[in-house]
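Note sheet for the following structure.
None of these values were measured; they are calculated from a predicted model. Lettering of chains follows the sequences in order, A, B, ..., and the numbering in each one begins at 1. Both backbone and side-chain heavy atoms feed into the values below; hydrogens, waters and symmetry mates do not.
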There are 2 protein chains.
Amino acid sequence: MIFTVAEENYIKAVYHLQQEQETVSTNALSAELQTRPASVTDMLKKLKSKRIISYEPYHGVKLSNEGRKVALGIVRKHRLWEYFLVDKLQFGWDEVHEVAEELEHISSTKLVDKLDAFLGYPKFDPHGDPIPDSKGRLAAQQQEPLAAIPLNKTVEITAVGSQSSELLELLKHKGLQMGTRLEVKKIFDFDGSLELKSKNQQIVTISRDLASVLFVKPV
Amino acid sequence: MIFTVAEENYIKAVYHLQQEQETVSTNALSAELQTRPASVTDMLKKLKSKRIISYEPYHGVKLSNEGRKVALGIVRKHRLWEYFLVDKLQFGWDEVHEVAEELEHISSTKLVDKLDAFLGYPKFDPHGDPIPDSKGRLAAQQQEPLAAIPLNKTVEITAVGSQSSELLELLKHKGLQMGTRLEVKKIFDFDGSLELKSKNQQIVTISRDLASVLFVKPV
DNA sequence: TTTATTTTTTAGGTTTGTCTAAAAATAAAT
DNA sequence: ATTTATTTTTAGACAAACCTAAAAAATAAA
Ligand SMILES: [Mn+2]
Ligand SMILES: [Mn+2]
Ligand SMILES: [Mn+2]
Ligand SMILES: [Mn+2]
């Protein structure tokens, strides 16, 4: 089956929101896609008629098996292109999302598979998110939220939980990026803020909010 | 200014048809874009109002200076992506056109310029057509139509005058491609057909129609 | 368990890009 | 110089994807 760019963006949005909530609300999609709820309802009817989602009025939406396959295909393209942009074209990891948002809609599967081979079948994108393989399989991530790491254990940043430019700006400012090694030195109960020691001995303070979107793995 | 995919396809089509005819007719665009003439008229009005073309009802259309700049930008992207597909992803030169037709509409200029650098600033695409540089300048092609070449002079194929799959299939069958070296051994007045000797001593017969879309340069 | 608030859907429009059928303009042929 | 044929434009419709405003359903509060 063939999908329009708009349909693909909805399908991907449902997929992402389902990571948080088993069933996805009209308003959540409206917020994610910057589209009025009435427009979301229209599209949900259309996607239901194409059997991409299950949807009962007023009771939210889930991807069908077919829908999940389609979503993984789009996510695969998005993340492969991000990897390409960073690894081959020297983009910063904080400036690839917008472009990948367009590139993910190029339809040729031959292109995707050849790109995958050209890149050496990478398992994770520049933000640490897993890249589905050509059969839609995701590599298991043995990463944990930074909040769950004991003090003084050396870990490495492997993923961030959002692509917002505000977040990426903050990380850049703090000198944190994919692969940065650090230890949690202290957690303050008052506001949940953390003090980290990064590899080059620098002390960095981060908020609870920031810590909650950082994922790490032991080194 | 920002353009839709449909607008960009029209702008590029006008550009290409202007290589043949100073002024482009509604029907020519209709044929090129596989769209009914009435739809073409609608779009021409729109592009005129955006000052991309000059257009007087019933008297055809030309690109404005602005329009030419836009067209060269699209052609640049199209040909750079074709080069990428063949040179980096191992596509055949006869299977890249469709994909490039989509990729040419990705908007980021940063992407195009970084891609250009990554590819080593190529001057010609896999079909031998010149790639506009970031300022829209085209490399001069010192190539001539095969029909204009004297007998027994060794030349090399540098371009084909069409991307039709029928043409590309025929060339593949005859063992002719970009860079193939050959000499014209004979021209038959009866039907305008040519006998060529290719580098590996093989004799190949081609029609006047085929010869007219092959471009070569002396080696 | 009513009442109030929030969420979602329906109803009715708009823009973009396409179409068919018919009319008008231009070009070609007698 | 008419008539005929071709090309192009106009008129009116349609599907996709969005919108606002109002109605209806679900949820939360009193
Ligand atoms: Mn997208
Ligand atoms: Mn990513
Ligand atoms: Mn195109
Ligand atoms: Mn080409």
Seminar exercise, completed: In whole angstroms, the gap separating P of dA15(D) from CD of E7(A) amounts to 15 Å

For this session: Specify the residues of residues 18-30 of chain B, ordered by number, for which at least one heavy atom lies under 4.0 angstrom from an atom of DNA chain D.
Result: S25(B), T26(B), N27(B)

For this session: In whole angstrom, give the distance that lies between atom CE of M43(A) and atom P of dT8(C).
Result: 18 Å

Exercise. What are the two closest heavy atoms between N27(B) and P37(B), and how far apart are they?
Worked result: OD1-CG, 3.6 Å

Exercise. Of Y10(A) and P57(A), whose closest DNA chain D nucleotide lies nearer the 5' terminus?
Worked result: Y10(A)

Problem set entry | Mutual orientation of the aromatic rings belonging to W93(A) and H127(A) [parallel < 30°, tilted 30-60°, perpendicular > 60°] | tilted

For this session: Would you mind checking if E104(A) and R76(A) are paired as a salt bridge, meaning a charged N to carboxylate O distance below 4.0 Å?
Result: no

For this session: Give a yes or no on this: more than 12 heavy atoms of other residues, nucleotides or ligands lie within 6.0 Å of atom CD of E98(A).
Result: no

Problem set entry | K110(A) to F91(B), cation-pi by 6.0 Å centre distance and 45° axis angle | yes

Problem set entry | Any K45(B) side-chain N or O less than 4.0 Å from OP1/OP2 of dT9(D) | no

Problem set entry | Sub-6.0 Å ring centroid separation between Y83(B) and Y121(B) | no

Exercise. Quick check: are there more than 12 heavy atoms from other residues, nucleotides or ligands sitting under 6.0 Å from CD of E20(A)?
Worked result: no

Problem set entry | Presence of Y55(A) side-chain N/O under 4.0 Å of dT9(C) phosphate oxygens OP1/OP2 | yes

List, with names and distances, any nitrogen or oxygen atoms from the protein found under 3.5 Å away from nitrogen or oxygen atoms belonging to nucleotides 19-23 of chain D.
| unit_1 | atom_1 | unit_2 | atom_2 | d |
| --- | --- | --- | --- | --- |
| dC19(D) | OP2 | R36(A) | N | 2.9 |
| dC19(D) | OP2 | S39(A) | OG | 2.7 |
| dT20(D) | OP2 | R36(A) | NH1 | 2.9 |

Seminar exercise, completed: Of dA26(D), dA16(D), dT9(C), the nucleotide closest to the side chain of T4(A) is dA16(D)

Exercise. Where the side chain of S64(B) meets the backbone of I52(B), is there a donor-acceptor pair that is under 3.5 Å apart?
Worked result: yes

Exercise. Is the shortest distance from a Lys or Arg side-chain nitrogen in K62(A) or E22(A) to a carboxylate oxygen in the other one below 4.0 Å?
Worked result: yes

Problem set entry | Runs of at least three Watson-Crick or G-U pairs with DNA chain D, cut-off 3.5 Å | C:1-30 with D:1-30

Problem set entry | Euclidean distance, atom CG of residue L44(B) to atom P of dT9(D) [Å, nearest integer] | 7 Å

Exercise. Do the rings of F118(A) and F118(B) sit parallel, tilted or perpendicular, given the 30° and 60° boundaries?
Worked result: perpendicular

Problem set entry | Whole angstrom value for the distance that separates C1' of dT9(D) from NZ of K48(B) | 14 Å

For this session: Please state how far atom CD1 in I2(B) lies from atom P in dT15(C), giving the value in whole angstrom units.
Result: 19 Å

Exercise. Should we say atom CD of E95(A) is surrounded by more than 12 heavy atoms from elsewhere, each under 6.0 Å from it?
Worked result: yes

